[in-house]
Peer 1: 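Can you read through this structure? Questions will come right after.
Everything numeric here is computed off the predicted structure, so don't read it as measured data. Residue numbers start at 1 and run along the sequence shown.
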Amino acid sequence: MERLETIHPLAGSGVLLLRPSMLQVVTSVKDMLYLKWNTLPPDFQSQQAYFMPINDARPGAGYTGSHWSLLVFIRPHHTFYYYDSLLGRNFVEAQAMARRMTTLLNLQEQPPLFQIIDTPSQENAADCGVYVMVITEKLVQRLLRLGGDVSKRKKLTTISRRSIASAVDHQRKDMVKFIWSLRRAQFPPLAPTPPSSFTDKILHRYFDA
């Protein structure tokens with residue numbers, strides 16, 4: 001989410017990207033007043049679109065999450081949209097987050113709809129986070145391009161494999177290169193010998209691609 005904030009100028013756009021760490025607090029803390037006054041950003045209530053990466057980690061338990069999906073609330077539609085590249089695996093967690101957000105947004109009297117969006121399936125067991133990033137960026141680009149006009153609901157929210165296939169591949173390689181650059185910055189350059197570990201082989205393959 002931080003990366004997208006640096007790429008796209010979101011200030012004043014009505015688009016809010018909620019970070020996983022903040023959502024973990026929202027999931028774990030029961031005191032709604034505490035969340036509203038101490039956790040959520042000051043302009044939380046005034047946004048038009050909220051992006052929430054959803055993880056299946058158990059609240060209060062470390063190292064339990066293994067899958068990411070995406071929940072988006074678009075205020076003018078009064079609807080939560082749920083994107084999951086692994087056959088709705090995080091459906092229960094997404095619904096729980098939608099209930100929490102409904103309360104935080106003071107929408108209890110007329111709860112928003114919850115719509116599952118047909119999402120392209122990931123082709124391996126590790127790309128869920130990549131899909132979340134790509135779908136988030138695609139939807140943010142659409143919102144910014146529309147300039148607040150969200151009347152064409154289906155055109156705005158639909159995600160096809162054709163629309164993100166190349167972006168998923170590019171994003172995956174981008175992430176590996178970024179990780180590799182962090183490693184190079186933190187540790188001395190590797191000797192110019194064939195990589196010995198499986199991780200090094202993977203990083204070399206993508207970085208040198």
Side-chain angles (χ1 to χ4, degrees), residues 1-11 13-27 41 47-57 63-74 79-91 93-94 96-98 101 115-146 150 155-185 199 202-203 205-207 209:
M1 292 299 176
E2 293 90 337
R3 176 180 173 274
L4 287 178
E5 290 173 347
T6 63
I7 296 174
H8 300 288
L10 298 180
S13 67
V15 175
L16 181 62
L17 306 181
L18 292 165
R19 299 180 181 182
S21 56
M22 182 180 295
L23 293 174
Q24 183 67 19
V25 176
V26 169
T27 301
Q47 305 300 316
Q48 299 301 302
Y50 301 76
F51 286 77
M52 295 156 276
I54 302 297
N55 191 261
D56 57 351
Y63 307 106
T64 57
S66 61
H67 181 58
W68 290 98
S69 56
L70 178 67
L71 184 67
V72 182
F73 177 65
I74 298 182
T79 301
F80 286 99
Y81 297 99
Y82 177 55
Y83 301 84
D84 195 330
S85 60
L86 204 57
L87 302 175
R89 177 169 167 175
N90 284 356
F91 178 72
E93 290 81 3
M97 181 59 69
M101 291 293 291
Q115 183 176 344
I116 300 174
I117 301 297
D118 187 19
T119 308
S121 298
Q122 61 192 73
E123 298 178 351
N124 56 41
D127 269 355
C128 54
V130 176
Y131 273 74
V132 167
M133 294 176 68
V134 168
I135 293 172
T136 297
E137 184 163 17
K138 181 69 68 175
L139 296 178
V140 167
Q141 288 173 342
R142 290 177 185 173
L143 284 166
L144 295 178
R145 187 168 60 247
L146 291 170
V150 294
K155 186 176 181 180
L156 174 64
T157 59
T158 299
I159 292 291
S160 66
R161 175 166 297 280
R162 180 180 178 183
S163 69
I164 66 170
S166 61
V168 166
D169 186 57
H170 177 76
Q171 182 68 52
R172 187 191 305 114
K173 291 182 178 180
D174 231 23
M175 289 174 63
V176 173
K177 288 182 179 181
F178 178 67
I179 293 169
W180 187 242
S181 69
L182 291 177
R183 174 172 176 168
R184 281 185 167 175
T199 301
I202 294 297
L203 291 173
R205 186 179 68 182
Y206 279 103
F207 189 73

Peer 1: Looking only at non-hydrogen atoms, find the nearest pair between Pro41 and Leu16 and report the distance.
Peer 2: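 Taking every non-hydrogen atom into account, CG-CD2, 4.1 Å.
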Peer 1: Could you report the tightest heavy-atom contact between Glu93 and Asn55, atom names first, then the distance?
Peer 2: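 Where Glu93 meets Asn55 most closely, the heavy atoms are CG-O, 3.8 Å.
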Peer 1: Holding to side chain to side chain contact (heavy atoms under 4.5 Å, CB included), I want the full list of residues that pass it with Ser21, two or more places apart in sequence or in another chain.
Peer 2: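 Partners of Ser21 by the side chain to side chain contact (heavy atoms under 4.5 Å, CB included) criterion, ordered by chain and then number, come out as Arg19.
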Peer 1: Could you check if a side-chain atom of Leu70 sits within less than 4.5 angstrom of a side-chain atom of Thr119, using non-hydrogen atoms only?
Peer 2: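 The answer is no; the side chains never approach within 4.5 Å.
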Peer 1: Write down the atom of Tyr50, the atom of Met52, and the distance for their closest heavy-atom approach.
Peer 2: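 Heavy atoms only, the tightest pair is O-CE, 3.6 Å.
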Peer 1: Do the non-hydrogen side-chain atoms of Asp56 and Ser66 ever get within less than 4.5 Å of each other?
Peer 2: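 Yes. Closest side-chain heavy atoms under 4.5 Å.
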Peer 1: Of the non-hydrogen atoms in Leu87 and Ser121, which two are nearest, and what is the gap between them?
Peer 2: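 So the minimum-distance heavy-atom pair works out to CD2-OG, 4.4 Å.
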Peer 1: Kindly compute the distance separating CG (Leu71) from OH (Tyr81), expressed to the nearest 0.5 Å.
Peer 2: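 These two atoms lie 11.5 Å from each other.
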Peer 1: Are Ile164 and Pro120 close enough that some pair of their side-chain heavy atoms sits under 4.5 Å apart?
Peer 2: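 Yes, close enough: below the 4.5 Å cut-off.
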Peer 1: Rounded to the nearest 0.5 Å, what separation is found between the CZ atom of Phe73 and the CZ atom of Phe51?
Peer 2: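 With rounding to 0.5 Å, CZ (Phe73) is 12.5 Å from CZ (Phe51).
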Peer 1: So does Phe91 get a backbone contact from the side chain of Tyr82, meaning a donor-acceptor N/O pair under 3.5 Å?
Peer 2: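 Yes; judged by distance alone, with no hydrogens or angles, the pair exists.
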Peer 1: Out of the candidates Leu143, Leu156, Leu139, only one should pair with Val72 under the side chain to side chain contact (heavy atoms under 4.5 Å, CB included) rule; please name it.
Peer 2: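 Exactly one candidate clears the test, Leu139.
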Peer 1: With rounding to the nearest 0.5 Å, note down the distance linking CG in Asp127 to CG in Leu86.
Peer 2: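 Asp127 CG to Leu86 CG: 11.0 Å, rounded to 0.5 Å.
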Peer 1: Decide yes or no for His67 and Ser85: does some side-chain heavy atom of the first lie under 4.5 Å from some side-chain heavy atom of the second?
Peer 2: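 Yes, side chains in contact.
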Peer 1: Is it the case that Arg142 and Thr158 place a side-chain donor and acceptor less than 3.5 Å from each other?
Peer 2: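 Looking only at side-chain atoms, Thr158 and Arg142 do not form any donor-acceptor pair under 3.5 Å.
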Peer 1: At their closest point, which heavy atom of Asp84 faces which heavy atom of Asn90, and how far apart are they?
Peer 2: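 Scanning both residues completely, I find the closest heavy atoms to be OD2-N, 3.0 Å.
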Peer 1: Would you name the heavy atoms of Ala98 and Phe80 that are closest together and state the gap between them?
Peer 2: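 Minimum heavy-atom contact is O-CZ, 3.6 Å.
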Peer 1: Look at atom CG of Asn124 and say whether more than 12 heavy atoms of other residues, nucleotides or ligands are closer to it than 6.0 Å.
Peer 2: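 Yes.
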Peer 1: Please evaluate residues Leu18 and Gln47 with respect to the criterion side chain to side chain contact (heavy atoms under 4.5 Å, CB included), reporting the C-alpha separation (whole Å), side-chain torsions for both, the decisive distance (0.1 Å), and the verdict.
Peer 2: CA-CA 11 Å; Leu18 292 165; Gln47 305 300 316; over 6 Å; no
Peer 1: Decide if atom CZ of Arg162 counts as having more than 12 heavy atoms of other residues, nucleotides or ligands within a radius under 6.0 Å.
Peer 2: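 No, because the 6.0 Å sphere around CZ of Arg162 holds 12 heavy atoms or fewer from other groups.
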Peer 1: With rounding to the nearest 0.5 Å, note down the distance linking OG1 in Thr157 to CG in Asp118.
Peer 2: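 Answer rounded to 0.5 Å: 11.0 Å.
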